[in-house]
Amino acid sequence: MKKHTISISVENKFGALNRIVGLFSARGYNIDSISVGTSEDDTVARVTIVSKGDDDVIEQIIKQLNKLIDVTKVVDLTYESYVERELVLVKVAANRNSRTEIMQISEIFRSKVIDISPRSVTIEATGSEQKVSALVKMLEPFGIKEIARTGRVALKREFEGAV
Amino acid sequence: MSTNELTGAEILVKSLIEENVEYIFGYPGGAVIGVYDAMHDMSHIQHILTRHEQGAVHAAEGYAKATGKVGVVVVTSGPGATNTVTGIADAYMDSVPIVVFTGQVATHLIGNDAFQEADIIGITRSITKHNFLVKNVGELAWTIKAAFHIASTGRPGPVVVDMPKDVMASKTTFVYPKEIKMRGYHPFYFGHMGQINKAVEIINASHKPVLYVGGGVVNSNASNELVNLAKKLNAPVAMTLMGLGAYPGDDELSMGMLGMHGTWYSNKAVDECDCLVAIGSRFDDRVTGNPATFSPNSKKIHIDIDPSAISKNVKVDVPIVGDVRHVLERLTPLVQPLDTKDWLKQIDGWKREHPLRYENGPEIRAQYIIEKIYELTKGEAIVTSDVGQNQMWTAQFYKFKNPRSNITSGGLGTMGFSFPASVGAAFGVKDRPVFSINGDGGIQMNIQELTTAVGNKLPIKIVILDNGYLGMVRQWQDLFYKKRYTHVSLGTNPDFAKIAEAFGAAGFVSDKADDVVPILKKALKINDRPVVIDFRTTEEDNVYPMIPSGGTFAQIMDYPKSVEEIQMAKAHSEAVK
């Protein structure tokens, strides 16, 4: 089963997100992550869903999403060239001995320390899902206190091959 | 405030007039009392007071299915709204265009657990084509227009409009929009010509075609186009439960119903065909059994207006997304007449070897009742059926001649559907007899609508196939659960004929086969009130043929042969030895 990144444009109004989430639960589709926000047009919200499924399941998901009256556009970015980012906040246990090493790891991942206390450090990182997961893995031995992830957001690339 | 401003309630009534609504099926209550006040002097539209909100929705469905127009329901908030849920789910599964207006508590009370508050928008989100909460009176007229547009176009379906009490009391200028545009809703009517051409190639190369026809043909009013195609190709037609009536059941190319309780020969033909043209049907599990072995030798073409119906259950070779009528109009001129003589001869042989059958005797056989109703009405009545054995026998033995005469709950399988649906159908169609076929279980689920039928002098013939059991469940317990009958006996049934009389309807009861025709004839002469006919039928009779759930054609069980026939066959085989 492959992970698919699906970008959905939906009327930015009451209950519209519910229709999308409800569709996934009613039909037993899986959601790995979901993120929502307004788009360039404030009457349209952009929802990015990462879902796992066989090709025919994903095909059904896209058809069912297209059937929702409030949904104006659905794109499976998996078959396009696209950029994706996720933001994560990690609160790691830290003391005098470990703090420096944690901050070095953070630097390697080009992430930022945004809060510090005698017993913890909070790091903000953005990047692809893999990068974020790698950072989390590196921090695990120190003791992770809390994590908040936004889930993947993604946009289609304008020029094929451009970074 | 200008004098030509109207309240939300008045706007609702005016909008319904704009939509040419003839009937509202409804039930008043606190949250819609203002709406009902606006209906007080309403002309053009008749309000039908049902005796339960579920009855109102099924009546609206029956009306919509019989006429092709949008059925309209008005109920109050809370329990009034939740009582409509089964009917809405039913309409969703069977693509029935209805608009349900539900009352709601005033906007400032929403979310406060107010008296008679229910989140009907949340509850019905997954069983409606779309639903709306009207948050201010300014958007009411647009919303009503949108609701009717969504319900009746594309693949039809139910739409709920939730109307808070204060919104319906506040005022605005009334302008009913002429047209409506929604950027997320563009039903696609015209099939892609490239796909149509691919389909034509497959059809023209076929020797053993089958047209597998569903309710989409009825919804798109494409019966004539279907007949043209079948006649031009000389192709046999198998119909789904919802498709019955789309093609004349008495025509020589008709093979009746296919699927779990379909005819032996239609299932055999689908199993053997080399080209299966699915037209407005959706490869439902009751049709396909095991989808992996369904119609294994055929190239498959699928015409449907709903893209999500395509390749959902069975992969097809050529999908055509579009309205059935539009697609057939463009496809039929391109196909060649096929030489199907041998194929039709083979099917005729199967029809003779494995006809639909039952044994007649002094007891009343349910199949006999349906057959006699068919003969007496020449296949031209509107017949609603409930769910279970009564529904399957109706589907098998009533050869529907016309579309929109077979009204049944196919997808959801709602017991208690038949009778209230017949009430709606009887309002919609006055020039043909309306029969409601029921089991003795289902009739008790919405029997209160007898009041509605009597009050409106509807001459519906309510036939109860009364075998004292929840027959279909009993059949499964018989066949698959070692005959361990568990809570399927309805031994304490009431006297239905007396119930009918108490309601002011006519009542008949009999357990003799000889009485069936005389009673039906008497019933057909009663034109000023409903008639309830309690036919006490053979208690333990099973519906055959039957392909077990998820099974394949190889597992089909045909009607068990009579003792005599088995003995004759034995004698014959011994003589041969």
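Atoms considered below: every heavy atom in the structure, side chains included; atoms not considered: hydrogens, waters and symmetry mates. Below, read A as the first sequence line, B as the second, and so on, with proteins coming before strands; counting in each chain starts at 1.
Using a 4.5 Å cut-off on side-chain heavy atoms (C-beta onward), B:Ile310 and A:Glu59 make no contact. Counting heavy atoms from C-beta on, the side chains of B:Lys315 and A:Asp56 come closer than 4.5 Å. Between A:Thr43 and B:Arg183, the closest side-chain pair of non-hydrogen atoms falls below 4.5 Å. Residues A:Lys67 and B:Lys129 are not in side-chain contact: their nearest non-hydrogen atoms beyond the backbone lie 4.5 Å or more apart.
In this structure, the separation between OG1 on A:Thr72 and CE on B:Met182 is 13.5 Å, given to the nearest 0.5 Å. The CG atom of A:Leu68 sits 12.5 Å away from atom OH of B:Tyr185, with the distance rounded to the nearest 0.5 Å.
Atom NZ of B:Lys198 sits in a sparse spot, with 12 or fewer heavy atoms from other residues, nucleotides or ligands closer than 6.0 Å. Within 6.0 Å of NE2 on B:His192 lie no more than 12 heavy atoms contributed by other residues, nucleotides or ligands. No more than 12 heavy atoms of other residues, nucleotides or ligands lie within 6.0 Å of CG in B:Asp113, so this atom counts as exposed by the packing criterion.
Across all their heavy atoms, A:Gly15 and B:Arg125 have their closest contact at O-NE, 4.1 Å.
In this structure, the side chain of A:Gln60 engages the main chain of B:Ser308 through a donor-acceptor pair within 3.5 Å. Side-chain atoms of A:Lys63 never come within 3.5 Å of backbone atoms of B:Asp306 as a donor-acceptor pair (strictly under, hydrogens ignored).
For chain B, no part of A:Ile62 is nearby; none of its heavy atoms comes within less than 4.5 Å.
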